[in-house]
Amino acid sequence: MSAPQDGHRRTGAGSQRRGNTLTVLMESSSRHFAHIFICMVGAVTILLVYLYPDWGFESRHTPAPASLAAPAWKDPGPYYVAYPGNYKFIMDDTPTCKTRTPFLLLVVPVAPGGVAARDTIRRTWGSEKLVLGQRVETLFILGLPSGADAKQQQEKLQLENLQHQDLIQSNFKDGYHNLTIKTMMTLEWLVARCDKLSYVMKIDADMLLHVQNLVKLLLDPSTAKQNYMTGLVWWHSPVLRNPFNKFYMPRYVIAEPEYPPYPLGMAYVMSLDLPAKILAAAPHIKPIFIEDAYLGMCLKHHGLSPTNAPENTMFMVDHRHPLSDCSLSRVIAATTTSIPQMTSYWERSRGAKC
Ligand SMILES: *[C@@H]1O[C@H](CO)[C@@H](O)[C@H](O)[C@H]1NC(C)=O
């Protein structure tokens with residue numbers, strides 16, 4: 001009620017002031033002066049309209065006419081990634097989920113050049129294909145190589161895939177800042193090709209994974225079969241406001257002081273109903289470059305949240321090395337500092353007792 005009244009009052013005062021000005025002008029000088037003044041105001045207005053045709057219409061955000069159009073791809077700025085983006089899979093011939101459906105799929109995001117890490121995983125935890133009677137498979141997901149030798153890198157990747165048939169490649173540019181795209185493309189791949197799985201784990205290439213402990217957890221009757229996501233869950237992760245921090249987020253991107261709960265990105269597992277739900281939430285939430293926090297935001301959109309792992313010995317991040325046999329016997333996933341350390345931890349973990 002008060003708003004329109006207020007508006008009226010302001011308009012009234014404005015026209016009164018304009019009236020006063022004109023009266024003063026006409027009294028102090030001739031009508032001639034007023035004419036010149038009005039003409040000048042008119043000319044300047046026409047000039048301004050000519051120079052800035054869409055003033056006041058958010059001109060910076062309206063697309064340029066076709067003839068002047070920049071490349072179709074729009075820079076998402078420093079805090080978002082270019083997703084969705086009509087990306088395709090350009091390498092996608094793995095038999096996984098085509099001719100055989102595992103109980104658990106391990107998906108490892110890797111850089112195109114990370115062949116040493118891939119080979120280590122293929123020799124260690126990635127080689128465990130039948131665990132507690134359940135089929136487990138490992139795939140690597142990557143984007144396009146870049147740089148001067150991109151073409152050679154791509155040829156090497158094709159040979160590598162010919163040998164192992166375990167690479168999934170999409171045509172976005174690979175890079176740390178694009179991790180959110182990689183994760184979302186993983187979910188797209190799962191929804192399109194792999195919906196009969198029970199669980200999927202996303203795990204970084206430098207992690208130790210105790211596959212048997214993971215399968216044991218997933219087979220446990222108290223583990224949910226739906227709306228289930230676990231890992232090392234961060235419950236009150238603050239949105240970082242220090243501009244020098246790698247994960248800085250200004251208030252205009254995220255106004256809330258905390259992210260919704262999410263499992264840390266190095267290793268999390270989810271039931272296979274979640275990929276479609278997360279993808280359905282994605283159009284409502286602009287994708288920030290922090291991929292794990294983004295998943296938390298997508299879960300929250302559905303009123304969902306991740307679950308703590310039953311033991312806090314299961315997901316270990318930045319702990320002290322070396323890990324004891326007792327730790328290795330209880331762990332599901334742990335960060336490591338090098339490929340040799342990961343290999344030796346895996347070997348030790350297989351017979352480790354507490
Ligand atoms: C992320 O991917 C998009 C699409 O391929 C690309 O245009 C952009 O340069 C990439 N960003 C980085 C930081 O690599």
Side-chain angles (χ1 to χ4, degrees), residues 60-64 66 68-94 107-118 139-158 160-161 167-193 202-206 239-240 242-250 252-254 259 262 264-266 268 275 278-279 281-298:
R60 274 168 304 153
H61 303 290
T62 38
L68 303 171
W73 184 74
K74 227 173 111 227
D75 185 350
Y79 308 108
Y80 295 112
V81 298
Y83 181 85
N86 285 324
Y87 303 118
K88 290 188 302 244
F89 293 103
I90 55 169
M91 206 185 287
D92 177 23
D93 58 357
T94 176
V107 179
V108 189
V110 276
V115 62
R118 290 192 288 274
L139 295 176
F140 301 95
I141 181 149
L142 54 152
L144 290 177
S146 50
D149 62 341
K151 225 178 139 198
Q152 287 103 299
Q153 279 195 67
Q154 186 60 26
E155 281 161 13
K156 276 194 202 154
L157 285 170
Q158 256 136 11
E160 187 182 333
N161 188 51
L167 301 185
I168 306 169
Q169 188 183 30
S170 176
N171 63 346
F172 65 88
K173 196 174 133 201
D174 203 293
Y176 181 74
H177 198 81
N178 271 344
L179 266 187
T180 301
I181 303 182
K182 202 176 263 190
T183 296
M184 298 310 279
M185 290 312 289
T186 302
L187 300 182
E188 284 194 24
W189 188 85
L190 288 166
V191 167
R193 311 272 203 283
K202 180 233 155 180
I203 178 162
D204 285 349
D206 56 355
V239 177
L240 301 183
N242 173 357
F244 298 104
N245 192 290
K246 189 165 81 163
F247 297 114
Y248 168 64
M249 269 298 160
Y252 75 83
V253 175
I254 296 190
Y259 292 105
Y262 63 89
L264 285 194
M266 46 275 286
Y268 52 78
I278 293 169
L279 289 178
H284 305 279
I285 304 164
K286 260 181 98 177
I288 55 168
F289 71 96
I290 306 176
E291 65 103 16
D292 43 11
Y294 183 61
L295 292 185
M297 291 159 74
C298 291

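First listed ligand is number 1; within each ligand, the first listed atom is number 1. Just the heavy atoms: all of them, side chains too, but no hydrogens, waters or symmetry mates, feed the values below. Keep in mind that what you see is a predicted model, and the values were worked out from it rather than measured.
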Q) Would a 4.5 Å heavy-atom cut-off, applied to side chains only, mark Asn161 and Thr94 as touching? A) no
**Q.** Element-labelled atoms of ligand 1 that are located less than 4.0 Å from some non-hydrogen atom of Tyr87
**A.** 4 (C)
Q. Side chain of Ser170, backbone of Lys88: donor and acceptor closer than 3.5 Å?
A. yes
Q) Does a side-chain heavy-atom distance below 4.5 Å link Thr183 with Leu295? A) yes
Q. Who gets closest to atom 3 (C) of ligand 1 by heavy atom: Asn178, Asn171, Leu144?
A. Asn178
(Q) Tyr262 vs Glu291, test: side chain to side chain donor-acceptor pair (under 3.5 Å). Steps then yes/no. (A) CA-CA 10 Å; Tyr262 63 89; Glu291 65 103 16; over 6 Å; no
**Q.** Contact atoms of ligand 1, heavy-atom distance to His177 under 4.0 Å
**A.** 13 (C)
Q: Answer whether the closest heavy-atom distance between the side chains of Met91 and Gln158 falls below 4.5 Å.
A: yes
Q: Using a strict 4.0 Å cut-off to heavy atoms of Phe172, name the atoms of ligand 1 that fall inside it.
A: 5 (O)
Q: Determine whether any heavy atom of Tyr176 lies closer than 4.0 Å to an atom of ligand 1.
A: no
